[in-house]
Amino acid sequence: MAQPVCVLLDATGAARPAAIAGDRSRPLKHIQRARVVLLSAERRSVQDVARRAGVSRAAVWRWQRRYGEAGVEGLLRDKTRPPGTPPHQILRPDQARRRHPRRRQQIP
């Protein structure tokens with residue numbers, strides 16, 4: 001189980017995440033991350049925050065920790081990856097078959 005993180009926001013600290021969560025022109029990932037911080041500051045359970053923000057519990061823990069380490073700027077920037085590692089690798093159909101070969105049924 002992940003270590004619980006307590007998010008504390010005062011009126012000035014809540015203003016920026018609230019503005020991000022309410023800005024419909026921002027990417028969805030930024031809005032979800034800001035909602036995680038705002039809901040966590042209300043002392044809700046991780047499961048409740050995840051359900052209301054539309055993310056996994058692991059994502060709630062990740063963004064609570066990142067907010068604690070880097071503040072709002074940490075929510076708006078993705079961490080860097082090693083060179084040549086795309087965020088999502090898309091396989092061609094022939095590659096997918098090689099990785100997951102179909103099992104042939106044995107007919108008795």
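Throughout, numbering of the chain's residues begins at 1 and tracks the sequence.
For Glu69, the CD atom is densely surrounded, since the number of other residues' heavy atoms within 6.0 Å is greater than 12.
The only member of Val55, Leu38, Val36, Val37 that meets side chain to side chain contact (heavy atoms under 4.5 Å, CB included) when paired with Val49 is Val36.
Checked against side-chain contact (heavy atoms from CB on, under 4.5 Å), Ile20 has the following partners two or more places apart in sequence or in another chain: Arg16, Arg26, His30, Ala34, Val72, Leu76. Val46 pairs by the side-chain contact (heavy atoms from CB on, under 4.5 Å) definition with Arg57, Val60, Trp61, not counting sequence neighbours. Listed by chain and number, the residues in a side-chain contact (heavy atoms from CB on, under 4.5 Å) with Asp48 are Arg44, Ser45, Arg51, Arg52 (sequence neighbours excluded).
A donor-acceptor contact shorter than 3.5 Å is absent between the side chain of Arg35 and the backbone of Gly54.
In this structure, CG in Leu75 is found 11.0 Å from CD in Gln64, a value given to the nearest 0.5 Å. Taken to the nearest 0.5 Å, the CZ atom of Arg62 stands 8.0 Å off from the CZ atom of Arg66. The line from OG of Ser40 to CH2 of Trp63 is 13.0 Å long, rounded to the nearest 0.5 Å.
Side-chain contact between Ile31 and Arg24 is absent, with no heavy atoms from C-beta onward closer than 4.5 Å.
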